[in-house]
Amino acid sequence: MSPMIRVVAAALLPALLVAQNLTVATRGQPAAYSIVRPANATPPQLYAAQELQTFTEQMTGVKLPVVTDDAPLPERAILVGGTRHTEPVLGGPAGLASLGEDGFRIVTRPPHLLILGGASRGTLYGVYEVLERFGGCRWYASWHSVIPRLDAWVIPAVDETQKPAFALREPFWFDMFNGDLAARNKANGNAMRLAEKHGGKIRFGGGLFCHTFNPLCPPEEFFATHPEYFSEIDGTRVKEHTQLCLTSPEVLKIVTARVLERIRKDPSAKLFSVSQNDWQNCCACPACKAIDDREESHAGTLIQFVNQVAEAVEKEFPEVWIETLAYQYTRKPPKTVRPRRNVVPRLCTIECDFSRPLDGNAFGQNRKFVEDIRGWSAMTDKLFIWDYTTNFRGYTAPFPNVLALQGNVRFFRDNRVVGLFEQGAYQGRHGDFAELKAWLLAKWLWNPDLPAEPLLNDFFAGYYGEAAPLVRRYFDEVHTFYDDPEKKPLRIFDDVKNPVIPDAFYGRAAALWRQAEAAVKTSPAHLYNVRMGAIPVLYARLSREPRQDEIKVWVTEEPGRFAIPPETRGLAAELLARFAEAKDIRISESVERHDATLAQWKALANPPPPPAPQARATVEDALLSLGNRGTWGDTVADPLAEDGSAMKLTNTHYEWCTTLPFSRVAFDPGKKYRLRMRVRVEKEPGKEGEAFWSGVYDAKNKKGCGGCDRKNAAVGDGYAWYDVAEWVPEPAHFFWIGPGRFDKKGGAASAIRALFIDKLEISRAD
Ligand SMILES: [Zn+2]
């Protein structure tokens, strides 16, 4: 990319071409060129002239004056946007209308350079293209640009027009929300903080972005009086996790009125979403079911409903588009219903494999998706896609999907997609290759045919500096493991413990990242990028360590055996240090998982000293796990319990809902232990039946290792101790207890009112 190389190469070209090179600025000399912009420039045209001036000065030290086109044409000019001089210099019509909102044309008419742009953002994009292609400027992340130092900035003869492959381009990654970074990489999506000077963006309005059924017709407001507005499931209308009854004329009236109300308050937005909530449970009432059966898809009722909303909207707002999701149960296109011309279906890839491109992929969900997109593509010219490009369970987990990205963007382009939303780690920076992925996606959303290898080389060299070859070795190898999508798909909620990427690789990878760090130790900007880039390997290694920090109960002669190893403590401390350095960084889409993981690292980095050896321990009810808390049972105050607290299990079920995983207990290996429990039963007066059942279960070999159950007749009224098991514990074993069993047939009920667990006691039996 060195400009010197270009000058040398140009010297070999015929004299005519060399003569057409424009030397726009020469270091140490007065400005030879002026930037000319329209006197009545729009905000993005003003900003385009300013950005050109700023970066030219940063590259060459020469500040080009910006003048308006009401003055005579300067001797040497860079004409930015459609100026008064543009057509005379060009020698013909500028054809700005044909460039659309975002397109641009860069053309040399020696000694002048013209940057012509589409109505909204085109001129600004044209300026960035000139700076990037001919100046070597790069904007890799909000904190990392490369602006070369040039002795002379030479622009070769050029006449080139570019238009984007997609009207809406959204690399939905945290850092790309930065307006300057997004504009410089030609992204114009809804979440980007694009100001007027950036030419704005294609925007969802009225707070209606996705999953809008509940906000538009809230069950809290309507369910009590009109349950028929909501999903009927197995003959019952449901309030929780519900959808709308899409054949109800009243629901249509409510939703239409509320959508219109929101558009009136936000009329400059292009898109408003009328879309299903983020769960299943679509309405199966006879009227809805009849349509969906006929259409062989739940998209039947959905599109029919959204069409009617859109028809009403069009009368008042003909330019507005109504978006809806083709997601999970509505992903399959309807058989005969067609989206109206102002309806935008947004098809979602959530179920797919992302190790390889969607098409030509043996994974079953990918094959189905390919069928679905072909169906949608044939019935609309406004198809949008919601695609997934990170691991949402662990943004900071290795997620080797880069080999799929370009193929997928091309596949969407080839299927006539007009809006592409690429959801990544949107809550924090430094997810797995986050900056690379966001940058590549921005490039490919503009032009999916840009070859991958030069882009990768460009990013690695610019972003990692001298460490580039080492990071590239890691990148190449981490992309080799998911080589069979049918048998080992790469999916967006995978656990980092998934063994497709082997432990041995992470060992090698850690060494590679250490070398990479050493290679850039004198370059703070690259060092930061390398240190952040290494987080996924540290995260994967620590996540795979045995969870000795989970131990809460000690029944062992050798507590030191269970101490957190120094390597584990070191990994946790290292991750905490890098997180502190990174600031805005997020582990997981779930805030609970993020917080729990950080808390775990803190505990691992500074563990309390192990307790004294002991042969007997009590386990209070607070340490027990409870499934379906709030429904199957809960922790309650109980004056009869020795510590005043008990776990109360309800009589509506007889699940093994209360458990103690023995990963929380430090046992001496190979020794025999005894487990007993202190429980009480509130019996149903006059009723005979089982009071409780309990045991120790071996999850690995799927068999019991002892147990204890009692009939009502065999238990008293207060708390009592019951022996549960005497056995040799293994890590895969767990304790469980449930309320007494009863035959549910014919509406039969439990023989007890409730079961209370005060505590367990575990002791050595030999
Ligand atoms: Zn219905």
Side-chain angles (χ1 to χ4, degrees), residues 206-263 271-315 321-340 342-348 350-351 368 372 375-376 379-380 384 386:
L208 299 176
F209 175 68
C210 67
H211 306 308
T212 63
F213 275 6
N214 266 10
L216 287 169
C217 184
E220 299 73 32
E221 186 180 345
F222 292 109
F223 190 85
T225 47
H226 291 286
E228 74 278 10
Y229 291 178
F230 300 92
S231 292
E232 180 180 317
I233 304 203
D234 299 330
T236 308
R237 298 285 173 172
V238 297
K239 183 180 175 190
E240 300 301 323
H241 289 94
T242 192
Q243 306 285 356
L244 296 177
C245 178
L246 296 173
T247 51
S248 156
E250 287 75 28
V251 169
L252 179 63
K253 266 187 227 158
I254 293 166
V255 169
T256 303
R258 292 189 176 191
V259 168
L260 279 168
E261 203 176 295
R262 296 208 192 200
I263 302 175
L271 292 148
F272 294 82
S273 183
V274 177
S275 51
Q276 72 210 51
N277 299 318
D278 196 3
W279 44 75
Q280 305 283 330
N281 292 343
C282 63
C283 185
C285 77
C288 288
K289 188 173 182 305
I291 294 173
D292 288 347
D293 284 352
R294 182 192 78 207
E295 296 294 331
E296 294 173 13
S297 167
H298 296 295
T301 44
L302 177 72
I303 295 298
Q304 178 176 296
F305 179 85
V306 173
N307 277 348
Q308 294 174 82
V309 176
E311 192 174 355
V313 164
E314 192 184 54
K315 291 186 185 119
W321 292 354
I322 300 300
E323 182 264 9
T324 193
L325 295 175
Y327 176 57
Q328 297 182 334
Y329 68 82
T330 54
R331 203 185 79 182
K332 188 180 173 197
K335 221 170 153 193
T336 66
V337 178
R338 294 292 172 263
R340 286 186 99 248
N342 61 338
V343 168
V344 174
R346 183 150 48 159
L347 180 62
C348 310
I350 195 163
E351 299 88 353
K368 278 192 214 154
D372 291 346
W376 286 106
M379 63 176 73
T380 175
F384 276 38
W386 185 311

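Everything numeric here is computed off the predicted structure, so don't read it as measured data. Position 1 is the first residue of the sequence; numbering continues from there. First listed ligand is number 1; within each ligand, the first listed atom is number 1.
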Visitor: Taking only residues two or more places apart in sequence, or in another chain, which ones meet Y329 in a ring pair (Phe, Tyr, Trp, His ring centres under 6.0 Å)?
Guide: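 Ring pair (Phe, Tyr, Trp, His ring centres under 6.0 Å) list for Y329, sorted by chain: H298.
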Visitor: What pair of heavy atoms forms the shortest contact from C245 to E228, and how long is it?
Guide: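 C245 and E228 have their closest heavy atoms at CB-O, 3.5 Å.
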Visitor: Of I322, L302, V337, T324, which is the lone residue that meets side-chain contact (heavy atoms from CB on, under 4.5 Å) with N307?
Guide: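 That would be V337.
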Visitor: Restricting to salt bridge (charged side-chain N to carboxylate O under 4.0 Å, His left out), what partner residues turn up for K253, sequence neighbours left out?
Guide: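 Partners of K253 by the salt bridge (charged side-chain N to carboxylate O under 4.0 Å, His left out) criterion come out as none, since no residue qualifies.
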Visitor: Is K332 salt-bridged to D372, cutoff N-O under 4.0 Å?
Guide: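 Result for this pair is no, no salt bridge flagged.
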Visitor: With sequence neighbours excluded, what pairs up with F223 under the ring pair (Phe, Tyr, Trp, His ring centres under 6.0 Å) test?
Guide: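 Applying ring pair (Phe, Tyr, Trp, His ring centres under 6.0 Å) to F223 gives F230.
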Visitor: Using a cut-off of 2.8 Å, count how many protein N, O or S atoms are strictly closer to the Zn ion (ligand 1).
Guide: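 Those protein atoms number 4 in total.
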